[in-house]
Structures are given as C-alpha cells and as structure tokens.
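Below is one structure, written out as structure tokens, with a few remarks after it.
In what follows, every chain begins at residue 1, and chains take the letters A, B, ... in the order their sequences are listed. Values in this document were obtained by computation on a predicted structure and should not be read as measured data.
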Amino acid sequence: MNGPWACSATCAWIEGHDGFGALGLDDALQEAINPQTGRVHTSYSLVGAQTGRLSSTDPNLQNIPIRTAIGRQIREAFVPEPGNVLLAADYSQIELRLAAHMADVASLREAFAHGEDIHARTAREMFGEVTRDTRARAKTINFAILYGISRWGLAARLEVPAEEAQGMIDTYFLRFPGIQRYIHETLESVRSKGYSETLFGRKTWFPRINSKNQAERQGSERAAINAPIQGTSADIIKRAMVRMLPALAEGGLGDVRMLLQVHDELVFELPEARVEAATPIIRQVMAEAALPAVTLTVPLGVEIGTGMSWDAAH
DNA sequence: TATCGACGCCAC
DNA sequence: AAACGTGGCGTCGATA
C-alpha cells in the first residue's frame, strides 16, 4: 500500500491511560500503537483525494469520532507526553469564506469581516428572522451550496418537498447573487477545458463532465462545483504546514511538534511553557498562508485550543 | 483462505 | 430510480 506517493508516516500520541481497548471501543486503534514509541502513527497520502486534500490510512486519524460522548472518550485517549500539552488549531468556516471570496458575495464577505455568525446571517437574509430552526436550515443550505446543490438533495436533508427546497435555492441565489454566477461560470469552464482550478492554479480533471449518462454527468457537475473550494482550502493548509516548523524555529520554538492534519485542523504537541509563545505564531502562519500568491477578500479565522487530550484541546 | 464490492458509519 | 462534496474502514456475502 505504501508506495512512493505516501507521505512519511507522521505521528500520533502517547497512549496514556486505560486506552481504547479498556473502553471496549476500538481494538483497531489499540493494536495500532507502536510498542517502540507508545504512539499511533498514521500515513498520509499527498494524492489521496481528487481535490488535493490529504488522506490518512493505517490507521485513518482523520475520522476519529468527536460528536458523541463515546467519540469524545476516544479522543481523550490521545494525550501528550508528561510536561507537554496538545494544541489544536482550526480554520473557522474556511470553505464558506473561500466561497464568499471566489463568488464575490458582498454580504457574506462583510459578515466574515465583522466576525458574524455566518449561519445566523444566512438565516436572517433568507427567512427574515433568526431562530433555532431557521439557523439550522440556513446551515444545511450553506453546506449544500459547497457540495453542489440539487433540489432533491436539499429536500431529503431538510425533509421538505422538492418544490420547497427549490424555493429556498431560488431565495439563496437571490440574496447571494454571486453564488449562481460562480456555479455557472465554473461549470462552463470545466465543460470546455475539462478541469477546474484552485485559486493557486492546481487543476482537478473531470473526464465525465460532458457524459451523456445523466447521473454520471450530474455527479461530475457537483464535484466540479466543490473542487475549487475544497481544493483551495487544501492548498492553503498545505502552505501553512510547509511554513510552520521554520516559522516556529525562527521564534525559538524548535521543540514544538506538528503531529496531525485533519483537513482544516493542525494538531501540535509542545511543552506547556511554550504555549504562550507558539500560539500567535501558529495563528499567523495559518491566517496568512494564502499570501503572497493569493490575497483573499475575507479574513481567515483560526481557532486555537489547548488541553491534556485531543478532546480537551477543542 | 483471500479478495472484492456493497453497505453503513466515522470525519471534515 | 435516485438524487448535495472529499475520504477510510469494518462487516457481510459472494466468489475464487
């Protein structure tokens, strides 16, 4: 499996307490602990995803549960060495921010510039008021846009008739007009050239974009709408990763270890005494990673947390 | 015994 | 009939 395309195995953690097996949760992770290091070491593929994302195998450490109580228990088993802490740095809503930039949606750009709750903003624009329900619907719609929207997909997710979902899509396009133009121009370009491009010029090819098979063609269209956004996000975090250790070393922080990447998140292990100095450097490298090649019209927000486990660092 | 594909579920 | 993007992996049944 590990061909020349596989990234050097990277990191993981000290398995510090009772462990996954004792929780009765995950024998596979338990067995993945390297007896010589006491850590779990994953492998990253640099060409694992069509969009330019990394993928992680043996074990996959990019899909460790987080949403449920049991999931968080599993994350509690990922801990630093004594005297150290884990630091998790996440890009906040990076794909929606990139969509706001790429589609040049003024209201979304302004919302991000002012640090607004973007789903609440969307709810207000679309439904006139922000409630628990309208915000949840707006969040679903925002994600649907990133994934290449269809009335049927949105209808299934929101559990409403397709006609009603179409009405929401129409309203969304009316309120955020740049989105429809972005989708149209992206598809026209992919149909004629055969590939999409990230903001940095990396291409993703779509050989079935003009297929006569409807399902095949529509699937390619959805992927083509998503690829520049997801791919640009992947480009940005890779740029941050390349710059991160040199920037930390420049700041006298050569003992900070970069352990994991989870698409929009970087996880570090560092001496507790280094947290205060490392935090602003990590934040700056990530926030400025698009520069100088690309100047975004939205800020890139970075949320940073620390703790004595991967769960606690969030 | 090994391998493959469908399915369901986990993450972002 | 199905239907929103990107992945990995455990289980199951069919097959070699």
Side-chain angles (χ1 to χ4, degrees), chain A residues 1-2 6 20 25-32 40 42-75 78 88-99 102 137 139-162 165-166 168-169 172 179 182-183 186-187 190 196 198 202 204 206 209 213-237 260-267 303 310-311 314:
Chain A
M1 284 303 267
N2 286 337
F20 315 108
L25 294 176
D26 205 313
D27 290 341
L29 275 179
Q30 180 87 299
E31 289 171 12
V40 179
T42 188
S43 294
Y44 286 111
S45 171
L46 306 184
V47 293
Q50 289 295 315
T51 54
R53 276 188 176 184
L54 305 186
S55 67
S56 164
T57 61
D58 307 309
N60 180 2
L61 292 182
Q62 291 180 321
N63 71 341
I64 302 299
I66 190 173
R67 284 165 188 161
T68 65
I70 287 179
R72 287 191 290 277
Q73 276 188 289
I74 294 175
R75 292 210 174 205
F78 291 83
D90 290 70
Y91 281 112
S92 168
Q93 306 286 4
I94 185 170
E95 293 192 3
L96 277 175
R97 288 171 192 256
L98 292 174
M102 297 167 78
R137 286 172 170 240
K139 184 176 181 179
T140 298
I141 294 166
N142 275 331
F143 278 104
I145 293 296
L146 300 178
Y147 297 156
I149 199 167
S150 80
R151 74 191 70 178
W152 302 281
L154 185 61
R157 187 59 68 96
L158 288 178
E159 297 180 314
V160 300
Q166 183 62 57
M168 293 186 196
I169 295 169
Y172 192 96
I179 296 289
Y182 164 80
I183 291 172
T186 299
L187 289 178
V190 173
S196 68
T198 68
R202 190 171 45 74
T204 301
F206 296 91
I209 193 71
N213 179 298
Q214 177 180 261
E216 213 169 67
R217 184 179 66 253
Q218 291 178 340
S220 292
E221 289 173 352
R222 292 192 295 271
I225 291 165
N226 176 259
I229 299 168
Q230 185 179 124
T232 298
S233 172
D235 291 343
I236 288 172
I237 195 168
L260 289 182
Q261 188 255 42
V262 192
H263 309 306
D264 66 352
E265 170 187 12
L266 297 175
V267 182
E303 296 176 350
W310 195 5
D311 176 65
H314 272 283

- Query: Atom CG of A:L158 and atom C1' of C:dA3: how far apart are they, to the nearest Å?
  - Reply: 14 Å

- Given atom OH of A:Y147 and atom P of C:dG7, what is their separation to the nearest angstrom? 13 Å

- What one should report as the nearest heavy-atom pair of A:I229 and A:A99 is CD1-CB, 4.1 Å

- Using a cut-off of 4.0 Å on non-hydrogen atoms, how would the nucleic acid contact of A:R222 be classed: base, sugar-phosphate, or nothing? sugar-phosphate

- Of B:dC10, C:dC4, B:dC12, the nucleotide closest to the side chain of A:I66 is B:dC12

- Task: Ignoring hydrogens and angles, state whether a donor on the side chain of A:D58 or A:S43 is under 3.5 Å from an acceptor on the partner side chain.
- Result: no

- Message: Regarding A:A49, tell me which of base, sugar-phosphate or nothing describes its non-hydrogen contacts under 4.0 Å with the strands shown.
- Response: sugar-phosphate

- Query: In terms of side-chain heavy atoms of A:A28, which of B:dC12, C:dG10, B:dC10 is nearest?
  - Reply: C:dG10

- Task: Under 4.0 Å between any heavy atoms, over every strand shown, what does A:S233 touch: base, sugar-phosphate, or nothing? Just pick one.
- Result: nothing

- Item | Between C:dA3 and B:dC7 - P atom distance, rounded Å | 10 Å

- Task: For residues A:M168 and A:L158, report the shortest heavy-atom separation together with the two atoms involved.
- Result: SD-CD1, 3.5 Å

- Note on the structure: Taken to the nearest whole Å, CD1/A:I183 to C1'/C:dC4 is 11 Å

- Between A:T42 and A:S56, does a side chain to side chain donor-acceptor pair (under 3.5 Å) hold up when you go through it step by step? CA-CA 6 Å; A:T42 188; A:S56 164; 2.7 Å; yes

- Item | Between P of C:dC4 and OH of A:Y172, the distance in whole Å | 19 Å

- Query: Taking the side chain of A:I149 as heavy atoms from C-beta outward, which of C:dC4, C:dA3, B:dA11 is closest to it?
  - Reply: C:dC4

- Task: Mind checking A:S220 for me? I need base, sugar-phosphate or nothing, with any heavy atom below 4.0 Å counting as a touch.
- Result: nothing

- Once you build an axis from the first five pairs and another from the last five of the helix from B:dT1-C:dA16 to B:dC12-C:dG5, how far apart in angle are they, to 10 degrees? 10°

- Query: For DNA chain C, whose closest nucleotide is more 5', that of A:Q230 or that of A:Q214?
  - Reply: A:Q214

- Which part of the nucleic acid, if any, lies within contact of A:E265, taking any heavy atom under 4.0 Å across all strands shown: a base, the sugar-phosphate backbone alone, or nothing? nothing

- Roughly, in whole Å, what's the span from CG in A:N60 to C1' in C:dG7? 7 Å

- Query: When we call it a touch if two heavy atoms are under 4.0 Å apart, what does A:I64 touch: a base, just sugar-phosphate, or nothing?
  - Reply: sugar-phosphate

- Message: Rounded at 0.5 Å granularity, tell me how far OG in A:S220 sits from CD1 in A:I209.
- Response: 5.0 Å

- Message: Measuring from the side chain of A:S55 (C-beta onward, heavy atoms only), which nucleotide among C:dC9, C:dT6, C:dG7 has the closest atom?
- Response: C:dG7

- Message: Using the rule given for side chain to side chain contact (heavy atoms under 4.5 Å, CB included), can you reason through A:I149 versus A:R222, listing the C-alpha separation, both sets of side-chain angles and the distance that settles it, and then say yes or no?
- Response: CA-CA 7 Å; A:I149 199 167; A:R222 292 192 295 271; over 6 Å; no

- Message: Distance check needed: B:dC12 P versus A:Y44 OH, whole Å only.
- Response: 13 Å

- Item | base_contact_polar (B:dC10 base, A:R67 side chain, donor-acceptor, <3.5 Å) | no

- Query: Taking NZ, NE, NH1 and NH2 as the nitrogens, is one of them in A:E159 or A:R137 under 4.0 Å from a carboxylate oxygen of the other?
  - Reply: no

- Note on the structure: A:D235 atom CG is separated from B:dC12 atom P, nearest whole Å, by 20 Å

- Item | A:H263-A:Q230 side chain donor-acceptor pair, cut-off 3.5 Å | no

- Assign A:S150 to base, sugar-phosphate, or nothing according to its heavy-atom contacts below 4.0 angstrom with the strands shown. base

- Nearest-angstrom distance, P atom, C:dC4 to B:dG8: 14 Å

- Task: Pick base, sugar-phosphate or nothing for A:R151, based on heavy-atom distances below 4.0 Å to the nucleic acid.
- Result: nothing

- How close or far is atom P of C:dC9 from atom CG of A:L61, stated in whole angstroms? 10 Å

